[in-house]
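Counting from 1, the numbers follow the sequence of the chain as shown.
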Amino acid sequence: MTPGPTSGPRAPGRPAPAERASAAFERLHGTAPAGVWSAPGRVNLIGEHTDYNDGFVLPFALPHRTAVAAAARDDGVLRVATLGDDGGAQRAEPIAVADLAPGRVDGWAAYPAGVAWVLREQGLTGGADLVIAGDVPAGAGLSSSHALECAVALALLGLAGRPADDLQQVARWVQRAENDFAGAPTGLLDQTASLCCTEAHVLFLDVRSFTTEQVPFDAAAHGLEVLVVDTRSSHSHTDGGYGARRSGCEEAAGLLGLPALRDLPVAELDGALARLPGQLRPLVRHVVTENERVLAAVELLRADRLAELGPLLDASHASLRDDYRVSAPELDAAVDAAVDAGALGARMVGGGFGGSAIALVPVERHDGVVAAVLDAFARKGWTTPRTFTAVPSAGAGRDA
């Protein structure tokens, strides 16, 4: 289950999440918060299911954010409220930070509680009042849960006077909260993107070494845009399909005598596949070829050849659909309709089994691509998808 406050992109004229969180905090608690911290959702341009295989990813932050207005408490109690689209507040049951443990908190409240649980081991034992507001689409494969967790982590560190100088360490803490408390076996892509991305860039991350490169990405300068299609079909990392594929990758790496699938060169792929059980071969083929696609995409961007990314996006989707088997009919329909209507390339993003797709679209074809996607869904009788243009934006931080 993804957190409640992040249901959809902000409507024109609607206050930003930080403003909404701050105003709600004052309304609920009768005083202004000590501060507001926020973190963005993310789109992964390419590099799916490679992060937990020690591979390469290429995300960028969305302008859509989750904000946490916060103040310290002196009784060791964590109190959390989240705002819905109607402005109403949903309150979680208060719990002492000392009593936090996996299984003690469920639903959306497990995400902020899990962060407090991890940070308790870092000496942050004080309580806090947290009020959450956001506009990252929930359940859309755009990392709404990690936006929430990263914002909470920065808020709790800020309240404790602990500067978040090492964002990579914060990402690891958030990953542990997600894995061990909320029960979602995610890698490090989403947390790192939310914390470390910068405006007008994609983040080239080597997950094993944690080396990063901010690669310029200005689609508009090329007459292009990255169109996001939120299919509004179900998506959750706490379901079994994601974990099954991760464990399959780990099993395959062990059978091949490798630390991780990242260590299998593409030139040796065919020979390695012949040594594996049939059910593991497609997983390995996807991870190895997806890493190669990330490296190829980075080279294109460094050479300012952004318009040539399309075939890599198409190949990534085909691999996720056919080898990794994490696509869904809605995702395939969105991708096919976008490409047929003139997108240069398209693919599903996120963990899969629903969520969102992206398409690299010439600006002058935007209306036609959107119309084609909406028509494809209407003909199937599916829920109308949400679409918006994704612009690389700033990472997490404290709001003014």
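Closest of all the heavy-atom pairs between Leu301 and Pro216 is CB-O, 4.5 Å. The heavy-atom pair separating Leu159 from Ala71 by the smallest distance is CD1-C, 3.7 Å. Across all their heavy atoms, Pro112 and Leu148 have their closest contact at CD-CD2, 3.9 Å. A pairwise comparison of heavy atoms in Ala39 and Ala396 identifies CB-CB, 3.6 Å as the closest pair. In this structure, Thr186 and Arg246 approach most closely via the heavy-atom pair O-NH1, 3.0 Å. In plain terms, the two heavy atoms of Val373 and Ala334 that are nearest each other are CG2-O, 3.9 Å.
In terms of modelled atom types and a separation under 3.5 Å, the side chain of Thr387 and the main chain of Val229 share no donor-acceptor contact. Of the possible donor and acceptor atoms, none in the side chain of Ser145 sits under 3.5 Å from a partner among the backbone N and O of Ser143. Under the 3.5 Å distance criterion, the side-chain polar atoms of Ser316 are left unmatched by any main-chain donor or acceptor of Leu312. With Asp51 contributing its side chain and Val207 its backbone, the two residues share no donor-acceptor pair below 3.5 Å. A distance-only check finds no donor-acceptor pair linking the side chain of His146 to the backbone of Gln191 [under 3.5 Å]. Side chain of Arg120 to backbone of Leu100: a donor-acceptor contact under 3.5 angstrom is found.
Checked by atom type, the side-chain pair Glu225/Thr389 shows a donor-acceptor distance below 3.5 Å. In this model, no donor atom of one side chain and acceptor atom of the other lie less than 3.5 Å apart for Arg321 and Ser327. For Thr198 and Gln214, the side-chain atoms include at least one donor-acceptor pair closer than 3.5 Å.
Between atom CG of residue Leu258 and atom CD of residue Glu268 there is a gap of 8.5 Å, rounded to the nearest 0.5 Å. Here the CG-CG distance, from Leu261 to Asn291, works out to 9.0 Å after rounding to the nearest 0.5 Å. Distance check: Arg162 CZ to Asp165 CG gives 10.5 Å after rounding to the nearest 0.5 Å. Rounding to the nearest 0.5 Å gives a distance of 9.5 Å between CG of Leu269 and CD of Glu292. Separating the CG atom in Leu142 from the CG atom in Asp190 is a distance of 9.5 Å, to the nearest 0.5 Å. A distance of 9.0 Å separates CG of Asp332 from CD of Glu330, quoted to the nearest 0.5 Å.
The aromatic rings of Phe25 and His29 sit tilted relative to each other, their planes meeting at an angle between 30° and 60°. Relative ring orientation between Phe388 and His64 is described as perpendicular, the plane-to-plane angle rising above 60° on a 0-90° scale split at 30° and 60°.
Taking the ring axis of Phe210 as reference, the NZ or CZ atom of Arg172 stays within 45° of it and closer than 6.0 Å to the ring centre. For the pair Arg176 and Trp117, the cation-pi test (distance below 6.0 Å, angle within 45°) is passed.
Taking the side chain as every heavy atom from C-beta outward, Arg386 and Pro137 approach each other to under 4.5 Å. At least one side-chain heavy atom of Glu290 sits under 4.5 Å from a side-chain heavy atom of Ile46.
Leu189 and Leu167 are members of different hydrophobic clusters when ILVMFWY side chains are connected at heavy-atom separations under 4.5 Å. In the hydrophobic clustering of ILVMFWY residues, with side-chain heavy atoms under 4.5 Å counting as a link, Val68 and Trp173 come out together. Using a 4.5 Å cut-off between side-chain heavy atoms of Ile, Leu, Val, Met, Phe, Trp and Tyr, with links allowed through other members, Phe217 and Val215 fall into the same hydrophobic cluster. A continuous path of Ile, Leu, Val, Met, Phe, Trp and Tyr side chains, each step under 4.5 Å between heavy atoms, connects Phe377 with Val361, placing both in one hydrophobic cluster. There is no path of hydrophobic side-chain contacts, each under 4.5 Å, that joins Leu62 to Val370.
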Val294 and Val57: side-chain contact (heavy atoms from CB on, under 4.5 Å), yes or no, with the steps? CA-CA 6 Å; Val294 174; Val57 294; 5.8 Å; no
Could you walk me through whether Trp108 and Val80 pass the side-chain contact (heavy atoms from CB on, under 4.5 Å) check? CA-CA 10 Å; Trp108 65 266; Val80 186; 3.6 Å; yes
Step-by-step side-chain contact (heavy atoms from CB on, under 4.5 Å) determination, Leu83 to Ile132: CA-CA 6 Å; Leu83 298 186; Ile132 301 159; over 6 Å; no
Show the numbers, then the answer: is there a side-chain contact (heavy atoms from CB on, under 4.5 Å) between Val131 and Leu28? CA-CA 9 Å; Val131 176; Leu28 293 172; 4.0 Å; yes
Chi angles and distances behind the salt bridge (charged side-chain N to carboxylate O under 4.0 Å, His left out) call for Arg104, Glu93: CA-CA 11 Å; Arg104 290 292 306 273; Glu93 190 70 26; over 6 Å; no
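Using a cut-off of 4.0 Å between Lys/Arg side-chain N and Asp/Glu carboxylate O, Arg65 and Asp135 are scored as not salt-bridged. A salt bridge does not link Arg208 with Asp206: none of the charged nitrogens is closer than 4.0 Å to a carboxylate oxygen. Salt-bridge formation is not detected for the pair Arg262/Asp54: no Lys NZ or Arg NE/NH1/NH2 atom is positioned less than 4.0 Å from an Asp or Glu carboxylate oxygen. The pair Arg347-Asp314 does not count as a salt bridge, with every side-chain nitrogen at least 4.0 angstrom from each carboxylate oxygen.
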Side-chain donor/acceptor pairs under 3.5 Å, residues 274-288, sequence neighbours excluded:
| unit_1 | atom_1 | unit_2 | atom_2 | d |
| --- | --- | --- | --- | --- |
| Arg281 | NE | Leu273 | O | 2.9 |
| Arg281 | NE | Leu276 | O | 2.9 |
| Arg281 | NH2 | Leu276 | O | 3.0 |
| Arg285 | NE | Asp323 | OD1 | 3.4 |
| Arg285 | NE | Asp323 | OD2 | 2.9 |
| Arg285 | NH2 | Asp323 | OD1 | 2.9 |
| His286 | ND1 | Ser319 | OG | 2.7 |
| His286 | NE2 | Glu48 | O | 2.9 |

Report, one line per pair, each donor and acceptor closer than 3.5 Å where one atom sits in a side chain of residues 336-346; sequence neighbours left out.
none

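Aromatic ring centroids of Tyr242 and His49 lie under 6.0 Å apart.
Atom CG of Asp322 sits in a crowded spot, with more than 12 heavy atoms from other residues, nucleotides or ligands closer than 6.0 Å. At most 12 non-hydrogen atoms from other residues, nucleotides or ligands lie less than 6.0 angstrom from CD of Glu199.
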